[in-house]
Amino acid sequence: MSIGLDCQNDLSDSIQKLNPKSKLFVLREAPQTLFPKLFKAWNVTHLVFERDTDAYARGRDLVVTELAKKAGVEVITRYGRTLWDSDEVVAKHGGKPTMSITQLQAAGNAVGDIPKPIPAPAHLPDPGDMPLDFEQDKPTTAGFDDLNAPHRSGGDNGDNTYRAGIAGMSGDFAVETLEELGFPAAAATTPHRGGETIALGKLDAIMADAEYTATFRKPQTSPAAFEPQSTTLLSPALHFGALSPRLFYWRARTVVDAYRGKGGPSKPPESLTGQLLFRDMYFAAQAAVGAPFTQTLGNAHCRFIPWHLPSKITATATTADEEAGAVDAAASNTSPYDVDSAQAERWFRRWAGGTTGFPFVDALMRQLRREGWIHHLGRHLVACFLTRGGCYVHWERGADVFAELLLDHEPACNAGNWQWLSCAAFYSQYYRVYSPVAFGKKWDPRGDLIRRYVPELAALDARYIYEPWKAPGKALEEAGVRVVGDGLGEGEEKGEGGTYPEPMFDFAERRGACLAAMKAAYSVGLHGDDERARDGTWRELFEQAGQTEMQGNFDDAGDDDGEHADDAEHEVRRGKHGRGMSDTIREGPMDRHVKRLKI
DNA sequence: AAATGAGTTGCTGAG
DNA sequence: TCTCAGCAACTCATT
């Protein structure tokens, strides 16, 4: 099962219902190389597509539009990924990124009313002839760090997509199958399914509950609820285009406007429509900032904070890069990083693998890895923990992991939220720190989420389930678990043999160290576009501020496990951290790759 | 123009 | 069970 394939199959079925001769015709080749051949072979007169504001997509769309022009093909574009057209929002906001919900609302209102969704077509014309008298070009894959490769089976990574020919294994332009992509069907562990039919059904069910819809307040929804979840779980549908955000918005507005319950409906930003506004805020912010939005360097709106494990900067943005578009973007390295501290690297690996020794953090990270979705507030906790509230690891590391694992991954929302939680941008109250113990307890005193996703602790008394290292020997014995190990071993600390790792640090101590470091970073006040952030002279400023917790300052005294930063560095590439990577099937690798550019 | 209040989502402990 | 001050103190919008 795979949400992406669900969506394509469902769309194809819907098209076929309108015209049995038609369906979704899938061609296995990058548009940059395919379209010029197709324009000619199929006598194409019009090319219609939806614009997209992600850095990769902008480059691709530019190339495709240029190719169409050259071939005399008329290009028609539409935009419906957000409530308002993000570029229009930016224009109304003076070309600047929308950095708060008030700014987004003001700029959006200046653009005008949120467009009403248009109905699906009632009929479709027959498809024309589709001759394939041309060669297939495989995309360049040199140096391409394919996130899905470890999940494939069979030789050559098991990817048959481009060997099957342009029209697929049966030559009928069918939607690709998991088999064709090289995935054993059992590899996908997510219970979440996709497709427009399911999404619209869910939307109907949610809207039918007027009380839930009209009084929805995000901060009041539980991050620990899993059956059912406390929020709509429609974000993957928005991501895959199976649900229009404008349809969602106007359906919700209708319910809200009609609501006469006591206390009245909830309002943005906490309400359901408010959640869609936040999405627009991040999209518009990215539309204004461009490619540097997903990184610190070159981003004037993102604070420079000398976190551990900074991204290596390997590429320089050039016109040639832009013109090369998708193929080369995908071929570039994906976010390698410097291991400035072996300890931070171990913390990062344990965080990513769900073996930090803090059960609520581990439960969430394992839920994310297995199912591809966790509640927004759960994302808050684990993001705060990795960055300003524990590990002091760069938010770009966390964003990379989320990009890989999330079914609802949007580059703009992901980068924006990581900046928010790390207090690098959008949010600045860094002294509000989530506790890996208290936060979960507040929502889930019995520890049901932990029992579900950290089964080795399932039988532990609720009094100790958030802090098993404090449990008396008797309680642990009764629960059949030993608290032992560093969470990076090859088996015993993952739960086999009834063990659970020790906490990887004293949280109160780390909280204090991080707070002091954040205070220093705020007083220094550099941003990503500052020359000193790039040339290394930032270090003097932080030393003057009396700060020691920072990038490049080794905190590994007393380390005796033989792992040194220099050794670790060579192994560290995205997709290799943590363990148990064979989980959720990831969709569409193109938009998962984040290039950290030298600006 | 300086001051004030608000900001989707912190934690702890007292009353 | 709930509310609130204290913790230490950021940025933005409004007045």
Side-chain angles (χ1 to χ4, degrees), chain A residues 93-94 96-110 213-225 229-232 235 252 256 264-282 285 300-305 358 360-361 364 374-390 413 416-445 466-467 506-527 545:
Chain A
H93 196 53
K96 297 192 302 290
T98 45
M99 300 303 286
S100 71
I101 199 66
T102 7
Q103 290 176 0
L104 179 277
Q105 284 173 298
N109 290 336
T213 299
T215 64
F216 182 96
R217 296 176 66 194
K218 188 61 160 279
Q220 313 289 326
T221 59
S222 170
Q229 287 89 355
S230 61
T231 48
T232 68
S235 53
V256 164
S266 56
K267 295 191 295 292
E270 294 188 331
S271 65
L272 220 40
T273 54
Q275 305 312 302
L276 291 166
L277 293 172
F278 274 111
R279 192 170 165 276
D280 264 51
M281 177 186 81
Y282 289 131
H301 300 270
C302 180
R303 280 180 188 280
F304 171 79
I305 298 170
F358 293 95
F360 195 63
V361 173
L364 289 164
I374 54 177
H375 185 280
H376 186 62
L377 292 182
R379 301 181 195 195
H380 272 216
L381 173 73
V382 299
C384 179
F385 184 84
L386 181 69
T387 57
R388 67 183 168 85
C413 298
N417 276 314
W418 273 93
Q419 288 170 44
W420 182 300
L421 266 301
S422 65
C423 288
F426 297 100
Y427 188 73
S428 51
Q429 289 164 272
Y430 58 78
Y431 40 83
R432 292 189 179 170
V433 179
Y434 290 89
S435 158
V437 173
F439 187 67
K441 259 186 196 169
K442 185 171 71 185
W443 295 102
D444 179 16
Y466 283 90
E467 300 167 282
D506 179 314
F507 173 69
E509 197 178 285
R510 287 301 306 163
R511 180 183 182 277
C514 287
L515 271 171
M518 290 300 291
K519 186 176 174 173
Y522 267 64
S523 72
V524 169
L526 297 184
H527 285 76

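Values reported hereafter were calculated over all heavy atoms of this structure, with side chains retained and with hydrogens, waters and symmetry mates removed. Naming convention: chains lettered A, B, ... in sequence-line order (proteins, then strands); numbering from 1 in each chain.
- Separating the NE2 atom of A/His376 from the P atom of B/dG10 is a distance of 11 Å, rounded to the nearest angstrom.
- The base-pairing partner of B/dA2, taking Watson-Crick or G-U wobble contacts with both distances under 3.5 Å, is C/dT15.
- Residue A/Leu515 is classed as having no contact, given no heavy-atom separation below 4.0 Å to the nucleic acid.
- Here the side chains of A/Thr232 and A/Leu272 are in contact, with some heavy-atom distance below 4.5 Å.
- Across B/dT8, B/dT12, B/dG7, the shortest atom-to-atom separation from the side chain of A/Ala438 is found for B/dT12.
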task: Quick one: do A/Phe216 and A/Thr221 satisfy side-chain contact (heavy atoms from CB on, under 4.5 Å)? Show the steps, please.
output: CA-CA 8 Å; A/Phe216 182 96; A/Thr221 59; 4.0 Å; yes
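- Residue-level contact check: A/Phe278 touches the bases, meaning some heavy atom is under 4.0 Å from a base atom.
- Here, B/dG5 and C/dA5 have their P atoms 14 Å apart, quoted to the whole Å.
- Separation of the C1' atoms belonging to C/dA9 and B/dA6 is 14 Å when rounded to the nearest angstrom.
- Taking atom C1' in both B/dA1 and C/dT14, one finds a spacing of 12 Å when rounded to whole Å.
- Residue A/Tyr431 places its side chain closer to C/dA9 than to any other of C/dA13, B/dT9, C/dA9.
- Side chains of A/Leu515 and A/Tyr430 form a contact here, defined as non-hydrogen atoms less than 4.5 Å apart.
- Nearest to the side chain of A/Gln103, among C/dC10, C/dC12, B/dT9, sits C/dC12.
- A/Met99 places its CE atom 14 Å from the C1' atom of C/dC10, with the value rounded to the nearest Å.
- Nearest-nucleotide positions on DNA chain C place A/Arg511 closer to the 5' end than the other of A/Arg511 and A/Ser100.
- Distance from the side chain of A/Tyr427 is smallest to B/dG10 among C/dA13, C/dC10, B/dG10.
- Inter-residue side-chain proximity for A/His93 and A/Met99 is flagged as unmet; no heavy-atom pair is nearer than 4.5 Å.
- Taking the side chain as every heavy atom from C-beta outward, A/Tyr522 and A/Ser428 approach each other to under 4.5 Å.
- Rounded to a whole Å, the CG atom of A/Leu377 is 11 Å from the P atom of B/dC11.
- Comparing C/dA13, B/dG10, C/dC10 against the side chain of A/Thr102 picks out C/dA13 as the nearest.
- Look at CD on A/Gln429: it is 10 Å from P on C/dC10, rounded to the nearest Å.
- Summarising the geometry, the separation between CZ on A/Arg388 and C1' on C/dA8 is reported as 13 Å, rounded to the nearest angstrom.
- In this structure, A/Ile305 places its CD1 atom 12 Å from C1' of C/dC10, rounding to the nearest Å.
- Base pairing of B/dG10 is made with C/dC7, judged by Watson-Crick or G-U wobble geometry with both donor-acceptor distances under 3.5 Å.
- Centre separation under 5.5 Å together with a plane angle under 30° does not hold for the ring of A/Tyr522 and the six-membered base ring of C/dC10, so they are not marked as stacked.
- Closest to the side chain of A/Ser428, from the set C/dC10, B/dC11, B/dT8, is C/dC10.
- Following rounding to the nearest Å, A/Met518 (CE) and C/dA8 (P) show an atom-to-atom distance of 17 Å.
- A/Lys442 has no side-chain polar atom (N or O) that falls below the 4.0 Å cut-off from OP1 or OP2 of B/dG10.
- Listed nucleotides: B/dT12, C/dC10, B/dG10. Nearest to the side chain of A/Tyr434: B/dG10.
- Between A/Gln105 atom CD and C/dC12 atom C1' there is a gap of 14 Å when expressed in whole angstrom units.
- Using a 4.0 Å heavy-atom cutoff across all strands shown, A/Trp420 reaches at least one base atom of the nucleic acid.
- The closest donor-acceptor contact from the side chain of A/Thr98 to the backbone of A/Met281 lies under 3.5 Å.
- The side chain of A/Lys519 places an N or O atom within less than 4.0 Å of a non-bridging phosphate oxygen (OP1 or OP2) of C/dA9.
- Counting heavy atoms from C-beta on, the side chains of A/Phe278 and A/Asn417 never come closer than 4.5 Å.
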